[in-house]
Number of protein chains: 2
Amino acid sequence: MKHDIFQAIADPTRRAILALIAFQALTPNAMAEKFDMSRQAVSKHIKVLHQCELIKPEQSGREIYYHFNAKKMQEFDDWVAQFRQKWEIQFNQLDELLANIKDKK
Amino acid sequence: MKHDIFQAIADPTRRAILALIAFQALTPNAMAEKFDMSRQAVSKHIKVLHQCELIKPEQSGREIYYHFNAKKMQEFDDWVAQFRQKWEIQFNQLDELLANIKDKK
DNA sequence: AAATTATGCAACCTTAAGGTTGCAAATATA
DNA sequence: TATATTTGCAACCTTAAGGTTGCATAATTT
């Protein structure tokens, strides 16, 4: 039942949470106010994000501020990286194609 | 029931398929041979990837070669971009912290 | 000390995800 | 033409995802 980052970012609400707290750390209650669902539903999403370490808690009295964990997000970037070369190639091929069409004129 | 790219890559099998065909276009049968599941199960994954346009079909007789669609994959890059600045900041803060520790010695 | 507030956990419900098997349609081969 | 091959679609099953409500716990405020 351990979630990975790919599952975590699959949900639009969780992506919204990440976008929010990347800007500034927030408590679960503060986050819940931003969404049209129950606090507990948001709390579940927080749990998933926390389990895969995309966010990190910072206790402050009875409040918990969740921070964005950029380091973990970078793992996603690393995954995308393996395809980056491919699209550069495909775009170069497109350039060549366009160049050929141009030459034929 | 329209899938988005984030849902699409949430499944490890689908990520494996993408990694495979980024290297070279393959038919569903050829893909299915690489996985320990039924052809139909793989076919379902192909359907999801196709629906969100991460892959593109090329008919050749009765065979269909699915190609990697680099352009769509780039949408991930766009999404991660909003966090890239954040982790640069967080890493700079880490550098400062380490520098401070060093100074105290 | 009592009441309020912030959070997390558990039970429950509904729907979708991911797998299976069987069958139909279209193309290729004997 | 008959047969084999490639693929997609539909029905079904099991489990997990995402939501709800209610309650327990710990910290703050009155």
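Reminder, nothing fancy here: chain letters follow the sequence lines and each chain counts from 1.
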Discussion item. Can you list everything that forms a side chain to side chain donor-acceptor pair (under 3.5 Å) with A/Glu53? Sequence neighbours excluded, please.
Written reply: none
Practice prompt. Using both pair distances under 3.5 Å as the test, note the stems of at least 3 consecutive Watson-Crick or G-U pairs that include DNA chain D.
Written response: C:1-30 with D:1-30
Response to the item:
The reported gap from CD1 in B/Ile64 to CG in B/Leu26 (rounded to nearest 0.5 angstrom) is 13.5 Å
Worksheet item: Out of curiosity, A/Leu54 CG to A/His67 NE2, how far, rounded to the nearest 0.5 Å?
Response: 15.0 Å
Item to complete: Considering just the side-chain nitrogens and oxygens of A/His45, establish if one lies under 4.0 Å of OP1 or OP2 belonging to D/dG19.
Response: yes
Worksheet entry | Residues in contact with DNA chain C, drawn from residues 8-19 of chain A - heavy-atom cutoff 4.0 Å | none
Discussion item. If I take atom CD1 in residue B/Ile46 and atom P in nucleotide D/dC9, what distance separates them, rounded to the nearest angstrom?
Written reply: 12 Å
Discussion item. Once you measure the plane-to-plane angle for A/Phe76 and A/Trp79, does it fall in the parallel (<30°), tilted (30-60°) or perpendicular (>60°) bin?
Written reply: parallel
Discussion item. Near DNA chain C, counting only heavy atoms under 4.0 Å, which residues of residues 22-44 of chain A show up?
Written reply: A/Thr27, A/Pro28, A/Asn29, A/Arg39, A/Gln40, A/Ser43
Worksheet item: Counting only side-chain N and O atoms of A/Tyr66, is one of them less than 4.0 Å from OP1 or OP2 of C/dG8?
Response: yes
Item to complete: With the side chain of A/Gln7 defined as its heavy atoms from C-beta on, choose the nearest nucleotide among D/dC9, C/dA6, D/dA17.
Response: D/dA17
Scan the side chains in residues 27-49 of chain A for donor-acceptor partners under 3.5 Å anywhere in the protein, sequence neighbours excluded, and list what turns up.
unit_1  : atom_1 : unit_2  : atom_2 : d
A/Thr27 : OG1    : A/Ala30 : N      : 3.2
A/Ser38 : OG     : A/Ala41 : N      : 3.1
A/His45 : ND1    : A/Arg14 : NH1    : 3.0

Practice prompt. Measure from the ring center of A/Phe23 to the ring center of A/Phe68 and say whether it is less than 6.0 Å.
Written response: no
Practice prompt. Encode nucleotides 25-30 of chain D as B, S and - characters from 5' to 3', where the letter depends on protein heavy atoms closer than 4.0 Å: B to the base, S only to sugar-phosphate, - to neither.
Written response: --BB--
Fill in: Atom pair CG (A/Leu18) and CD1 (A/Ile9), whose distance is rounded to the nearest 0.5 Å
8.5 Å
Fill in: Any A/His3 side-chain nitrogen or oxygen under 4.0 Å from OP1 or OP2 of D/dA16
no
Fill in: Heavy-atom side-chain contact between A/Cys52 and A/Asp4 under 4.5 Å
no
Worksheet entry | Gap between atom CG of B/Asn69 and atom CD of B/Gln74 - 0.5 Å precision | 10.0 Å
Practice prompt. Please state how far atom OH in B/Tyr65 lies from atom C1' in C/dT27, giving the value in whole angstrom units.
Written response: 14 Å
Response to the item:
OH (B/Tyr66) and NE2 (B/His50) are apart, to the nearest 0.5 Å, by 6.0 Å
Worksheet entry | Which atom of A/Ala25 lies closest to which atom of A/Tyr65, heavy atoms considered | O-CD2, 3.9 Å
Item to complete: Over all heavy atoms of both residues, which pair between B/Arg15 and B/Ala10 is shortest? Give the atoms and the distance, please.
Response: NH1-O, 3.2 Å
Worksheet item: Between CG of A/Asp78 and CE of A/Met73, what distance do you get to the nearest 0.5 Å?
Response: 12.0 Å
